[in-house]
Peer 1: 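Once you've had a glance at the structure underneath, I'll fire off some questions.
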Protein chains: 2
Amino acid sequence: MQDVFSKLGPLIIGSRLKRMSDYIMRAGAEFYTSKGVDFEPKWFPLYYLLSHEKELGIMDIAQKLNISHPAVIQLAKELEKKGWVTSTKSKEDARKRLLKLSKKGISLLPQLQLIWDDIREVNRQVVESQSTNVLKALEEMEVFFASKSYTERMKEFQDSKKK
Amino acid sequence: MQDVFSKLGPLIIGSRLKRMSDYIMRAGAEFYTSKGVDFEPKWFPLYYLLSHEKELGIMDIAQKLNISHPAVIQLAKELEKKGWVTSTKSKEDARKRLLKLSKKGISLLPQLQLIWDDIREVNRQVVESQSTNVLKALEEMEVFFASKSYTERMKEFQDSKKK
DNA sequence: TATATTTGCGTAATCAATTACGTAACTAAT
DNA sequence: ATTAGTTACGTAATTGATTACGCAAATATA
């Protein structure tokens with residue numbers, strides 16, 4: 001992705017973010033394997049969330065993780081198969097199925113913590129090497145679009161041109 | 001993805017990059033639709049590349065775009081169906097199938113250019129709003145990992161802890 | 001209380017991209 | 001000139017996530 005694309009600059013922010021994200025996620029997967037832990041990066045958000053929140057319904061999780069609810073069901077299915085997560089029907093609301101970490105899931109935590117510490121440390125090295133901090137940049141983008149969405153900004157730009 | 005995750009910082013660089021990338025890509029798709037142009041963001045890299053390079057083989061493209069060659073074949077199939085891309089067997093190397101923009105594909109370019117200009121402009125606004133430039137941050141990350149991969153850095157960190 | 005609407009969940013179909021594998025054409029080495 | 005190895009491409013299977021759809025429970029409304 002050099003030469004031709006170097007001049008594109010802002011036009012391909014999306015693709016470049018995706019490429020870097022894929023790269024990091026893949027490296028993360030490698031790392032779990034190298035440590036002999038049968039854990040996949042995609043499980044992290046759900047697992048981590050449950051490790052902090054005791055019990056949560058499918059939709060609550062989907063919202064907190066900002067993914068679709070079928071994705072949550074799928075991830076939960078995998079973690080249940082591993083025996084790390086169990087579910088119970090809610091007594092207050094019969095529609096809800098509550099997820100939580102099983103004992104086995106909780107007992108795995110310390111081992112994962114160590115790995116997460118390592119990942120965090122290397123990521124910190126990345127960030128510290130930067131004169132321009134990627135996390136800060138992301139933070140700023142999130143705030144920027146929270147105040148007004150990309151699509152809205154597009155519309156406004158269109159209108160401003162017409163004048 | 002607030003509260004629980006806010007303290008994670010560097011641990012979830014990957015997920016956050018992905019989330020932002022997804023967001024921008026989706027907005028891009030919306031924009032094409034709103035302009036009544038039947039073009040998908042995923043086609044952009046291949047289309048744009050061909051608009052600059054005349055003729056290219058599948059593998060050349062895969063390398064330049066940093067995607068797998070089946071992905072190129074798939075994208076090409078779609079663009080061929082649209083009538084924007086044609087292919088010919090290479091005379092120098094009978095294994096190669098060369099892709100290029102068709103006349104129809106070329107004639108679409110000016111219209112797309114206008115849209116790309118708009119996208120570029122709004123993205124520029126994003127970047128200019130930032131005290132910390134996301135493109136610069138990405139650039140730095142790319143350089144950082146080009147000199148030594150994430151996995152290598154992981155290994156080194158592991159070793160340094162043992163001492 | 002009956003009815004309409006919303007909410008929570010599950011399944012199915014679809015999508016975009018990958019890995020794995022096979023085949024044919026080219027290249028290098030003997 | 002054979003053989004071995006590499007390269008280019010295509011297909012199939014898999015992955016990870018989404019949207020679309022439907023059902024049942026809860027909530028709001030008449």
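Naming: A, B, ... by sequence-line order, numbering from 1 per chain. Note that the structure is predicted; figures quoted are calculated from it, not measured.
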Peer 1: Between D/dT6 atom C1' and B/M59 atom CE, what is the distance in whole Å?
Peer 2: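 Distance check: B/M59 CE to D/dT6 C1' gives 12 Å.
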Peer 1: Provide the full list of ring pair (Phe, Tyr, Trp, His ring centres under 6.0 Å) pairs with a residue in residues 88-108 of chain A, sequence neighbours left out, each pair given once.
Peer 2: none
Peer 1: Which residues satisfy the side chain to side chain contact (heavy atoms under 4.5 Å, CB included) test with A/S129, sequence neighbours excluded?
Peer 2: B/F144
Peer 1: Please table the atom pairs, donor to acceptor, closer than 3.5 Å between any side-chain atom in residues 23-30 of chain A and protein atoms at least two apart or in another chain.
Peer 2:
residue: A/Y23; atom: OH; partner: B/Y150; partner atom: N; Å: 3.1
residue: A/E30; atom: OE1; partner: B/T151; partner atom: OG1; Å: 3.1

Peer 1: Does a salt bridge link A/D22 with B/K18, judged by any charged N lying under 4.0 Å from a carboxylate O?
Peer 2: no
Peer 1: Sequence neighbours left out, what passes side chain to side chain contact (heavy atoms under 4.5 Å, CB included) with B/K136? Give chain and number order.
Peer 2: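 With neighbours one apart ignored, the set is A/S131, A/T132, B/N133, B/E140.
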Peer 1: Could I get the full list of ring-ring contact (aromatic ring centres under 6.0 Å, His included) partners for A/Y32, not counting sequence neighbours?
Peer 2: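 Applying ring-ring contact (aromatic ring centres under 6.0 Å, His included) to A/Y32 gives A/F39.
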Peer 1: Please compare A/M25 and B/L98 by the position of their nearest nucleotide in DNA chain D and report the one closer to 5'.
Peer 2: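 That would be B/L98.
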Peer 1: Measure NZ/A/K18 against C1'/D/dA17 and give the value in whole Å, please.
Peer 2: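 Going from A/K18 (NZ) to D/dA17 (C1'), I get 11 Å.
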Peer 1: I'd like to check the side-chain hydrogen bond (donor to acceptor under 3.5 Å, both in side chains) partners of B/K96; sequence neighbours left out, ordered by chain and number.
Peer 2: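 For B/K96 there are no side-chain hydrogen bond (donor to acceptor under 3.5 Å, both in side chains) partners, ignoring immediate neighbours.
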Peer 1: Between D/dG16 atom C1' and A/L46 atom CG, what is the distance in whole Å?
Peer 2: 14 Å
Peer 1: Round to a whole Å and report the spacing from CG of A/L65 to P of D/dG16.
Peer 2: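 Going from A/L65 (CG) to D/dG16 (P), I get 16 Å.
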Peer 1: Can you list every side chain to side chain donor-acceptor pair (under 3.5 Å) pair that touches residues 68-79 of chain A, not counting sequence neighbours?
Peer 2: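 Every pair satisfying side chain to side chain donor-acceptor pair (under 3.5 Å) with a residue in residues 68-79 of chain A: A/K42-A/E78, A/W43-A/E78, A/Q74-A/E78.
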Peer 1: Would you tell me whether A/K35 and B/Q158 have side-chain atoms, one donor and one acceptor, within less than 3.5 Å of each other?
Peer 2: yes
Peer 1: Can you give me the first and the last nucleotide of DNA chain C (5' to 3') that has an atom within less than 4.0 angstrom of a non-hydrogen atom in chain A?
Peer 2: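 Contact span on the strand: C/dT7 to C/dT11.
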Peer 1: May I have all residue pairs that pass salt bridge (Lys or Arg N to Asp or Glu O under 4.0 Å) and include part of residues 83-94 of chain A, sequence neighbours excluded?
Peer 2: A/D93-A/R95
Peer 1: Which parts of nucleotides 19-29 of chain D does protein reach within less than 4.0 Å, heavy atoms only, written one letter per nucleotide 5' to 3' as B for base, S for sugar-phosphate only and - for none?
Peer 2: BB----BS---
Peer 1: Any salt bridge (Lys or Arg N to Asp or Glu O under 4.0 Å) pairs touching residues 144-157 of chain B, not counting sequence neighbours?
Peer 2: B/K148-B/E156
Peer 1: On DNA chain C, does the nearest nucleotide to A/K96 precede the nearest nucleotide to B/I67 from the 5' side, or the other way round? Give the residue.
Peer 2: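 Upstream on the strand: A/K96.
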Peer 1: In residues 73-85 of chain B, what residues come within less than 4.0 Å of DNA chain D, judged by heavy atoms?
Peer 2: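 Listed by number, they are B/I73, B/K77.
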Peer 1: Figure out the CD1/P separation between B/I61 and D/dA8, and round it to whole Å.
Peer 2: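 So the CD1-P distance, B/I61 to D/dA8, works out to 13 Å.
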Peer 1: Return the value, rounded to whole Å, for the distance between atom CD of B/Q63 and atom P of D/dT7.
Peer 2: 10 Å
